[in-house]
Amino acid sequence: MSSKEGSGGFRKRKHDNFPHGQKRDEKESANSSSSLMVSFKSFQLELDTRHDKYERLVKLSRDVTIESKRTIFLLHRITSAPNGEEILNESEAKLDAVRQKIKQVAQELVGEDMYQFHRAISPGLQEYVEAVSFQYFIKTRSLISVKEINKQLIFTMGDEETNTPSSNSHDEQLCTWSLKVTPVDYLLGVADLTGELMRMCITSVGNGDIDTPFELSQFLRQIYDGFSYIGNTGPYEVSKKLYTLKQSLAKVENACYTLKVRGSEIPKHMLADVFSTKAEIIDREEGLS
């Protein structure tokens with residue numbers, strides 16, 4: 001340290017000789033007039049707008065997930081309800097409410113690339129596919145197609161509902177929004193459906209229904225064969241679901257085997273307990289392997 005600096009001093013910089021206020025005014029004027037700062041401010045506004053939209057989509061997706069789960073819980077009651085048509089009508093009303101949430105998602109994505117926000121809406125779409133395919137299976141004993149699901153997600157509203165003045169009352173313009181379920185979301189939703197069908201099988205047996213498990217076993221086998229064709233060539237999420245699907249199929253087939261071989265030996269009110277015990281054994285064996 002030089003003697004000019006002193007014991008606890010510091011070296012004075014040359015630009016410190018300018019008045020402090022003059023430096024600040026020059027800096028602010030340079031920043032405000034800089035084209036680079038103007039560009040960054042526009043970038044900031046765009047990113048904030050995109051982030052706010054992403055958060056709104058996450059909230060809507062969470063609402064879709066919750067309402068879809070409630071619809072699935074309702075549909076599980078059909079195995080023991082005396083009037084199944086009433087439950088199906090109530091589930092349809094719940095799914096209509098879910099579609100209104102999906103409509104809001106479609107409105108948020110107008111003019112946007114859906115895949116930029118796909119991570120925000122994917123969980124809700126998967127749960128919706130699971131709910132609507134579960135209801136469709138109960139009605140028709142078949143699997144709903146992704147084309148049919150997307151057909152239900154086309155929403156139209158007239159000008160009188162949007163409070164938009166029309167230039168000609170006889171020539172009414174229509175506002176249309178749509179949202180397409182991607183093939184990956186469809187496959188993931190169908191994979192989750194197999195778990196609900198497995199629960200439906202066990203519940204049906206507990207209620208004394210010995211025909212439904214054999215229908216479910218054949219249906220699940222067809223789904224498993226279809227997923228096997230995809231194998232490890234598809235997305236990682238799909239291949240990861242294959243293990244859970246295999247477990248659900250094994251539990252249903254085990255229930256059918258027990259019904260076929262020992263069905264006459266086991267009282268009907270004990271069948272559900274027997275299958276639940278066997279299912280736990282299968283889970284432990286799979287975990288050890």
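Each residue takes its place number in the sequence, starting with 1.
Applying the 6.0 Å contact sphere to CZ of R119 captures no more than 12 heavy atoms from other residues, nucleotides or ligands. For CD of E86, the number of neighbouring non-hydrogen atoms (other residues, nucleotides, ligands) closer than 6.0 Å is 12 at most. The number of heavy atoms from other shown groups lying within 6.0 Å of CD (Q218) does not exceed 12. Within 6.0 Å of atom NZ in K139, more than 12 heavy atoms from other residues, nucleotides or ligands are found, so the atom counts as buried in its surroundings.
A continuous path of ILVMFWY side-chain contacts below 4.5 Å connects V64 to V110, so both sit in one hydrophobic cluster. Hydrophobic cluster membership is shared by V129 and Y115, with clusters built from Ile, Leu, Val, Met, Phe, Trp and Tyr side chains linked at under 4.5 angstrom. I149 and I154 sit in two unconnected hydrophobic clusters of ILVMFWY residues. Membership requires side-chain heavy atoms under 4.5 Å apart, directly or through other members. Transitive grouping of hydrophobic side chains (ILVMFWY, heavy atoms separated by less than 4.5 Å) keeps V98 and I66 in distinct clusters.
Across all non-hydrogen atoms, the minimal contact from F155 to K103 is CE1-CA, 3.6 Å. Closest non-hydrogen pair, F227 versus L187, comes out as CZ-O, 3.3 Å. Heavy-atom minimum distance, A106 versus S178: CB-O, 3.7 Å. Across S142 and F219, no two heavy atoms sit closer than the pair C-CE1, 4.0 Å.
Contact of the M200 side chain with the I138 side chain is registered, since non-hydrogen atoms from C-beta on lie closer than 4.5 Å. No side-chain heavy atom of L197 sits less than 4.5 Å from a side-chain heavy atom of V252. Two residues are said to be in side-chain contact when any heavy atoms from C-beta on lie closer than 4.5 Å; D185 and Y128 fail this criterion. Put simply, the side chain of V181 does not reach to within 4.5 Å of the side chain of K147, judged on heavy atoms. Proximity of M198 to Q247: side-chain heavy atoms (C-beta onward) are nowhere separated by under 4.5 Å. L45 places none of its side-chain heavy atoms less than 4.5 Å from the side chain of K41. Between L109 and W177 there is no side-chain heavy-atom pair separated by less than 4.5 Å. In this structure the side chain of I144 never reaches within 4.5 angstrom of the side chain of F137, judged on heavy atoms.
Using a 30° and 60° split on the angle between ring planes, F40 and F43 fall in the perpendicular class, above 60°.
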K69 and E130: CA distance, side-chain angles, deciding distance, salt bridge (charged side-chain N to carboxylate O under 4.0 Å, His left out) verdict: CA-CA 9 Å; K69 284 183 181 295; E130 182 181 354; 5.9 Å; no
side-chain contact (heavy atoms from CB on, under 4.5 Å) evaluation trace for L153 with K180: CA-CA 7 Å; L153 299 182; K180 289 187 176 181; over 6 Å; no
Worked check of side-chain hydrogen bond (donor to acceptor under 3.5 Å, both in side chains) between E46 and S42: CA-CA 6 Å; E46 180 179 353; S42 65; over 6 Å; no
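When atom types are taken as modelled, the side chain of S91 and the backbone of L88 share a donor-acceptor pair closer than 3.5 angstrom. Side chain of S239 to main chain of Y236: a donor-acceptor pair is present (N/O by atom type, distance under 3.5 Å, no hydrogens or angles).
Residues satisfying the side chain to side chain contact (heavy atoms under 4.5 Å, CB included) criterion with E108, sequence neighbours excluded, are K53, R56, L57, L60.
Taking OG1 of T194 as the start and CG of D192 as the end, the distance is 7.0 Å to the nearest 0.5 Å.
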Pairs of donor and acceptor atoms involving the side chains of residues 71-78, under 3.5 Å and at least two apart or interchain, shall be tabulated with distances.
residue : atom : partner : partner atom : Å
T71     : OG1  : E67     : O            : 2.9
H76     : NE2  : E196    : OE1          : 2.7

